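What follows is a single structure, written as structure tokens, with notes after it.
Since the model is a prediction, treat every value here as computed from it, not as a measurement.
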Amino acid sequence: MFQGLLQFYNALLMFLTPKVLFDVLWSTQLGIIVGMMPGLTATMGVALMTTLTYKMAPENAIIILICMYIGAIYGGSRSAILLNIPGTPANAATAVDGHPLARQGKAGMAIGIATTGSFFGSIIGMILLALFTPLIGNFALNFGSFEFFWLSIFGIVICGNLTSPKDPLKGWIAGFLGLFIATIGMEGMHAYRRFCFGSVELSGGISLIPAMVGIFGFAEILTIMRQPEMEVIQSKITRVIPRLKDITRYWKTILRSGVIGTFVGAIPGVGEDIAAWVSYDFASRSSKEKEKFGKGSIEGLIAAETGNNACVAGAMIPVLSLAIPGSAPAAVLLAAMFIHGVRPGPLIMVEFPDFIYQVVAMVLLATTAMLVLGLSMVRFLVKVLTIPRERLMPFVFVLCVIGSYALAARLFDVWVMVAFGILGYYMRIMDYPVAPTVLGIILGDILDKNLRRGLILTDGNLIPFFTRPISLILCLLILFTIVSRMSWFRRLVKSVNSQLSLCLAKLRQKAGI
């Protein structure tokens with residue numbers, strides 16, 4: 001514990017320079033603007049910023065990306081409160097109580113509450129990030145090729161299950177589509193070309209950044225083009241800094257939502273929107289003021305914002321310890337770390353022992369900047385919402401093209417971006433989640449290499465994939481997750497529950513209870 005605190009202190013001192021603090025301020029501010037503009041998501045912001053920080057030193061680039069990530073997730077609360085249009089999917093739960101408060105003339109108070117909740121959520125997530133990442137990283141040293149194969153499948157299954165609750169099959173299809181895309185190009189062991197169809201460009205594989213910029217950025221542009229023009233609404237801002245009693249009154253909600261958001265974020269591929277809704281649901285179930293939820297509840301607003309910002313730090317836990325992203329923006333952040341020479345995963349405590357605490361210090365600086373900027377520049381920043389999102393899309397498209405091209409100076413990557421944008425657009429129309437596809441592209445290389453490495457170690461024997469303790473547990477978890485979503489299993493559980501209830505009722509009747 002003392003060693004960790006010392007490493008955190010040294011990392012914080014390293015970042016307390018005028019240049020780094022300036023980078024923290026402008027990137028957090030830009031993240032807030034990206035988040036508050038409907039149609040510009042946190043994933044898009046981090047993806048575009050990754051292409052612009054390519055030539056920077058690793059520490060400077062990663063702290064800018066983390067500030068963009070945290071600022072964007074928070075910034076989406078502005079448009080959710082004022083316009084009833086979430087700036088990012090993570091702020092959909094915020095709009096449920098935030099906008100009714102704004103319509104009651106309490107827009108400034110609602111923004112202040114959302115800012116404070118976001119701050120506390122991020123701080124709770126940061127503490128859990130510092131505590132659990134080294135533990136999980138040390139435990140992951142026990143993982144071999146067999147375990148990493150099943151961990152990749154587990155990430156896809158869980159992500160597909162949670163991002164497509166109505167029809168998990170669509171989520172699983174989207175995830176395995178990403179795994180297939182990851183196999184395009186020369187494989188990593190013998191440089192054998194797969195699914196290239198004679199194309200020299202395809203032999204290099206599909207680059208992650210152009211694919212993500214397309215599936216999130218260009219797909220969003222296409223989606224907005226087919227939607228009606230958004231009406232711009234003005235809202236009066238009064239007092240912003242919340243009263244102390246409005247915060248301390250809900251300290252249990254803040255603590256619970258922060259812990260829930262962090263652990264939801266640590267589940268591969270789930271994301272901040274799920275964390276916000278789960279936190280909001282727990283708050284509404286345990287609240288003494290249930291009748292206020294949906295009509296302007298401060299508790300509901302603070303639960304949603306605490307949950308989604310705690311999820312940011314939570315999503316970094318599997319990124320650092322297992323090299324598996326907890327959310328779509330975290331997937332871009334993971335790719336950026338690899339680009340800048342940092343290799344997250346089980347060996348991070350050996351190869352980069354100080355990096356975890358550097359990330360914790362980055363999160364603290366970004367969170368502090370978010371609080372200061374969030375409370376001090378409300379009236380000025382709200383004017384940004386008067387810009388119609390349709391006029392921003394040409395600018396976003398230019399950034400998508402430049403960002404895709406600048407990474408490797410290949411025109412082919414621009415076409416990859418366009419192709420994935422069209423793919424993402426049609427996936428949205430058909431209600432297929434895109435997050436599992438991106439997660440599949442990231443995990444595909446891990447799955448492919450570890451499957452083949454495991455087969456080489458066992459001379460083609462598949463039995464160790466099912467007999468090693470951790471592999472067996474992961475395999476059973478995957479099987480249970482799939483079976484639990486099948487209709488016959490649900491009917492069986494419902495039937496067993498009804499039979500048990502009937503038996504209990506008869507026993508009580510006989511006992512005279």
Side-chain angles (χ1 to χ4, degrees), residues 34-35 37-51 68-69 72-73 76 79 85-92 159-160 163-164 167 170-171 173-182 184 206-230 269-273 325 327-333 335 388-407 412-442 444:
V34 167
M37 293 302 299
L40 305 183
T41 63
T43 309
M44 184 194 301
V46 178
L48 293 175
M49 189 57 68
T50 299
T51 62
M68 166 65 75
Y69 186 2
I73 294 299
S79 54
I85 301 173
T88 70
N91 306 105
C159 181
T163 55
S164 185
D167 188 1
K170 288 188 174 182
I173 290 172
F176 281 94
L177 173 64
L179 291 177
F180 166 72
I181 291 170
I184 297 174
I206 301 296
S207 298
L208 179 61
I209 295 299
M212 284 194 295
V213 169
I215 209 165
F216 287 110
F218 188 52
E220 187 68 34
I221 295 171
L222 296 176
T223 303
I224 288 174
M225 284 173 62
R226 67 189 293 266
Q227 293 176 348
E229 186 176 355
M230 186 186 74
V270 178
E272 294 78 15
D273 50 343
S327 66
V332 187
L333 190 62
R389 62 182 180 179
E390 294 80 8
R391 297 184 183 180
L392 288 172
M393 290 304 108
F395 177 69
V396 173
F397 177 69
V398 171
L399 288 178
C400 289
V401 173
I402 293 174
S404 301
Y405 179 79
L407 199 62
F412 175 74
D413 286 336
V414 177
W415 291 114
V416 168
M417 182 272 294
V418 172
F420 274 85
I422 295 171
L423 173 66
Y425 170 72
Y426 281 105
M427 286 178 70
R428 293 184 188 195
I429 290 177
M430 294 184 288
D431 203 25
Y432 282 83
V434 296
T437 302
V438 174
L439 186 62
I441 295 173
I442 293 170

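Considering all non-hydrogen atoms of both residues, Gly444 and Ala182 come closest at CA-CB, 3.5 Å. When all heavy atoms of Pro210 and Val416 are compared, the closest pair comes out as CB-CG1, 4.1 Å. Residues Tyr69 and Pro329 share a closest heavy-atom pair of CE1-CB, 3.4 Å. The two residues Val438 and Ala331 have their closest heavy-atom pair at CG1-CB, 4.1 Å. Looking at every heavy atom in both residues, Asp413 comes nearest to Ser207 through OD1-OG, 3.7 Å. Residue Met430 comes nearest to Lys170 through the heavy atom pair O-NZ, 3.0 Å, listed as atom of the first residue, atom of the second, then distance.
The structure places CD1 of Ile221 at 11.0 Å from CZ of Phe395, a figure rounded to the nearest 0.5 Å. Once rounded to the nearest 0.5 Å, the distance linking CD1 of Ile402 with CZ of Phe397 reads 10.5 Å. The line from CD1 of Ile206 to CZ of Phe180 is 9.5 Å long, rounded to the nearest 0.5 Å.
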Go through the steps for Thr223 and Tyr425 under the test side chain to side chain contact (heavy atoms under 4.5 Å, CB included), then give the verdict.
CA-CA 6 Å; Thr223 303; Tyr425 170 72; 3.8 Å; yes
When you look at Val34 and Met68, which way does the side chain to side chain contact (heavy atoms under 4.5 Å, CB included) test go after all the steps?
CA-CA 8 Å; Val34 167; Met68 166 65 75; 4.3 Å; yes
Should Phe420 and Ile181 be marked as a side chain to side chain contact (heavy atoms under 4.5 Å, CB included) after you check the CA-CA gap, both sets of side-chain angles, and the distance that decides it?
CA-CA 11 Å; Phe420 274 85; Ile181 291 170; 3.7 Å; yes
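The 12-atom threshold is not exceeded at CE of Met225, counting heavy atoms of other residues, nucleotides or ligands nearer than 6.0 Å.
Among residue pairs with one or both ends in residues 415-437, those qualifying as salt bridge (Lys or Arg N to Asp or Glu O under 4.0 Å) are Glu220-Arg428; sequence neighbours excluded.
Side-chain contact between Thr437 and Ile215: present, with at least one pair of heavy atoms (C-beta onward) separated by less than 4.5 Å.
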